[in-house]
Chemist: 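Have a look at this one.
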Amino acid sequence: MSTNTDIAKIFTAMATILEIKDESGFKVNATVKVARILENLVEDIATVDKITDIPGVGKSSATKIQEYIDTGKISAYEELRSSIPVGLLEVMRVQGLGPKKVRQLWQEADVIDIASLRNAIETGKLDNLPRMGRKIIENISESLNFIETTGNRTRIGIALPIAESILCTLKQLDGVTNIAIAGSLRRGKETIGDIDILGSSTEPKLLAESFCALEDVATVFSHGETKCSVRLASGMQVDLRIVDVKKFGAALLYFTGSKEHCILLRELAIAQNKKLNEYSLEPTNISETEEEIYADLGLPFLPPEIREDRGEGSCTETPALITIENIKCDLHCHTIASDGKMTIEELAQQAMRLGYHTIAVTDHSQSQAQANGLKPDRMLKHIEAIHAVNQSIEGITILAGSEVDILSDGSLDYDDELLAMLDIVVASPHAALTQSTEEATKRLLLAIEHPLVHIIGHPTGRIINKRKGLEPDMPTLISAAKEHNTALEINANSYRLDLRDIHVRAAVEAGGMLAINTDAHRAEDFEQLRYGILTGRRGWLTAKNCINCLDHHALQTWLARNC
Ligand code: DGT
Ligand code: CA
Ligand code: CA
Ligand code: ZN
């Protein structure tokens with residue numbers, strides 16, 4: 001599967017670059033199309049006999065795909081990448097900037113990266129450009145502020161696959177005994193400053209050299225025997241520390257952090273007349289595993305996701321945090337009826353592949369016109385179609401649901417009569433996401449209190465690094481959700497992770513129910529689940545507070561609770 005996704009990403013990037021370069025629309029569309037085909041391909045492309053037999057994949061695309069399968073790269077992509085300033089891809093991340101505007105900024109105002117864009121705005125360089133009104137410049141400036149205040153942090157959905165692929169390469173080197181992800185990435189944070197990797201090897205020189213020579217490395221900042229630091233072409237910084245295998249546990253504990261958690265442990269050690277540093281716990285000289293160090297300090301093993309000095313020091317046993325294996329259903333997914341790519345049958349097949357007992361079809365409601373939201377008459381037919389498929393497929397329950405918009409005043413996008421016909425209602429805010437706290441709280445409260453609503457989908461509507469979303473009064477919402485038995489969603493998509501960790505924690509403490517859904521629009525979106533799980537774990541979520549962990553009967557009971 002990952003080959004498909006990897007090649008699809010390259011094709012998407014090629015299309016973006018072609019667009020920035022104003023190449024023919026035909027070429028761009030064909031490239032985007034191949035990316036989509038690859039994303040939707042069920043079998044691994046590397047196992048396909050004749051790539052040109054796949055509808056929509058022409059000869060030149062097939063050659064590129066074959067090149068990737070054979071060599072792990074596509075030379076046409078390398079060429080394209082070097083034909084524009086690399087920083088322009090970063091500029092594309094600024095909300096409101098598409099390829100056309102980025103090209104204009106590049107060609108007419110010498111913008112080559114975020115810094116030069118900021119500079120161009122501040123020096124008035126953009127003021128007299130055609131098709132670049134005041135309002136547009138203001139919007140760009142605001143988006144830039146947002147990017148700058150959130151820092152140059154990368155979404156975990158990007159950082160984790162990169163780190164895993166590096167790990168996979170380094171693991172195979174001669175002499176490597178241990179290799180692990182540390183830092184914020186191991187703690188499952190939603191954004192990552194830099195990737196930290198910790199390794200032990202009987203041939204540390206080879207490990208360091210191989211790391212600095214990794215294919216994606218653009219700059220080597222430092223190359224030592226115990227510490228190397230590089231920047232990848234994607235812009236991410238990666239640190240590798242190499243330690244004696246006997247000290248691996250102590251080093252892993254230290255470099256996993258958080259800094260605050262390490263301070264907590266050090267203080268605990270001092271109180272016991274011990275000394276903890278990145279090499280060992282003295283005087284017993286324990287250093288091989290994290291477990292031993294925690295045990296010697298009189299603590300249970302603390303999972304990395306809760307190492308934030310938020311009360312974990314008082315744990316008397318390891319909290320039974322939720323795991324991906326606990327998940328038994330997905331209650332928020334889209335089909336081709338709205339903006340998804342799967343049919344009802346395909347969605348059901350995916351759910352069965354994942355071993356779920358239930359899958360909910362929750363296409364968009366009528367106000368989401370750009371997402372092909374369903375008007376009531378179409379929705380009625382859709383319900384029938386879903387029930388028919390449910391009848392025809394054994395071994396899975398397919399719920400006829402909807403992701404119903406919570407309109408700006410808190411009313412829902414379908415009337416109660418239609419809502420009552422649905423097996424499950426996920427109510428989500430999509431528009432009017434700049435409301436005041438007061439308005440947002442009122443709006444979401446109405447949806448939480450609505451007797452036909454089961455789940456509030458991505459409650460704030462934030463998009464990481466792009467959009468703040470609503471800022472409702474969370475304690476109020478959390479206690480209302482508990483009272484009305486409405487679940488609050490952790491949307492597992494790594495762009496969203498909404499509810500966020502701290503709000504999950506508050507909901508868990510209040511005894512409320514959470515949902516972890518992928519909001520899948522295509523088959524590979526189910527792979528986003530792990531980010532939702534990590535966020536749940538950071539919020540100390542256990543299976544008992546998550547509706548996706550209920551067995552079939554318990555879920556049915558929960559869904560019918562208000563009938
Ligand atoms: P990030 O990269 O900003 O997402 O966050 P982290 O937590 O990965 O931070 P990073 O990369 O600066 O350092 C990795 C870990 O190393 C950190 O979680 C704890 C440890 N560490 C690094 N520098 C210090 C330090 O100055 N003091 C202490 N106590 N620990 C440190
Ligand atoms: Ca880090
Ligand atoms: Ca670091
Ligand atoms: Zn959705």
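As the structure lists them, so they are numbered: ligands from 1, and atoms in each ligand from 1. All of these numbers come straight from a predicted model, not from anything done at the bench. We use all heavy atoms of the structure for the numbers below, so side chains are in, but hydrogens, waters and symmetry mates are not.
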Chemist: Counting heavy atoms not belonging to Phe301, are there more than 12 under 6.0 Å from its CZ?
Modeler: yes
Chemist: Tell me, please, which residues at least two apart from Arg505 pass salt bridge (charged side-chain N to carboxylate O under 4.0 Å, His left out).
Modeler: Glu509
Chemist: Applying a heavy-atom cut-off of 4.0 Å, say which part of Leu185 lies close to ligand 1: side chain, backbone, both or neither.
Modeler: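 Neither part.
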Chemist: Decide yes or no on side chain to side chain donor-acceptor pair (under 3.5 Å) for His261 and Asp309, but give the supporting numbers first.
Modeler: CA-CA 5 Å; His261 179 78; Asp309 191 15; over 6 Å; no
Chemist: What are the atoms of ligand 1, with element, lying closer than 4.0 Å to any heavy atom of Ile192?
Modeler: 4 (O)
Chemist: Does Asp196 approach ligand 1 within less than 4.0 angstrom via side chain, backbone, both or neither, non-hydrogen atoms only?
Modeler: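 Just the side chain.
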Chemist: Can you find an N/O atom of Ile263 closer than 3.5 Å to an N/O atom of ligand 1?
Modeler: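 No, no N or O pair falls under 3.5 Å.
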Chemist: Run through the protein N/O/S atoms less than 2.8 Å from the Zn ion (ligand 4) and write them out by chain and number.
Modeler: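 Under 2.8 Å from the Zn ion (ligand 4) - ignoring waters, which are not counted - the protein N, O or S atoms are His332 NE2, His334 NE2, Glu403 OE1, Asp519 OD1.
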Chemist: Determine, for Glu164 against Arg530, whether the closest basic-nitrogen to carboxylate-oxygen distance falls under 4.0 angstrom.
Modeler: yes
Chemist: Which of the atoms of ligand 1 are close to Gly193, meaning less than 4.0 Å from one of its heavy atoms?
Modeler: 1 (P), 2 (O), 3 (O), 4 (O)
Chemist: As an exercise, identify every atom of ligand 1 less than 4.0 angstrom from a heavy atom of Thr256.
Modeler: 18 (O)
Chemist: Tell me, please: is Arg153 in heavy-atom contact with ligand 1, that is, under 4.0 Å?
Modeler: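 Distance cut 4.0 Å: Arg153 passes for ligand 1.
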Chemist: Inspect the contact between Arg186 and Glu290 and indicate whether a charged nitrogen and a carboxylate oxygen are less than 4.0 angstrom apart.
Modeler: yes
Chemist: Would Glu305 and Arg537 pass as an ion pair if we require N to O under 4.0 Å?
Modeler: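 Salt bridge between Glu305 and Arg537, a charged N being under 4.0 Å from a carboxylate O: yes.
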Chemist: Side-chain atoms of residues 243-250: list all donor-acceptor pairs with protein atoms under 3.5 Å, sequence neighbours left out, distances to 0.1 Å.
Modeler:
unit_1	atom_1	unit_2	atom_2	d
Asp244	OD1	Lys246	N	2.9

Chemist: Salt bridge check, Glu312 against Arg307: does any charged N sit closer than 4.0 Å to a carboxylate O?
Modeler: no
Chemist: When you measure from the centre of the six-membered ring of Tyr495, is the NZ or CZ of Arg155 closer than 6.0 Å and no more than 45° off the axis?
Modeler: yes
Chemist: Just which atoms of ligand 1 are under 4.0 Å from any heavy atom in Gly183?
Modeler: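 Here the atoms of ligand 1 in question are 8 (O).
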Chemist: Residues two or more places apart in sequence or in another chain: which of them pass side chain to side chain donor-acceptor pair (under 3.5 Å) with Asn273?
Modeler: none
Chemist: Can you confirm, on distance only, whether ligand 1 has an N/O atom lying under 3.5 Å from any N/O atom belonging to Thr191?
Modeler: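 No, Thr191 has no N/O under 3.5 Å of an N/O on ligand 1.
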Chemist: Just to check, does Lys259 reach to within less than 4.0 Å of ligand 1 when the distance is taken from its heavy atoms?
Modeler: yes
Chemist: List every atom of ligand 1 that sits less than 4.0 Å from any heavy atom of Arg266, numbering the atoms from 1 in the order shown and giving each element.
Modeler: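 So the answer, numbered in order with elements, is 29 (N).
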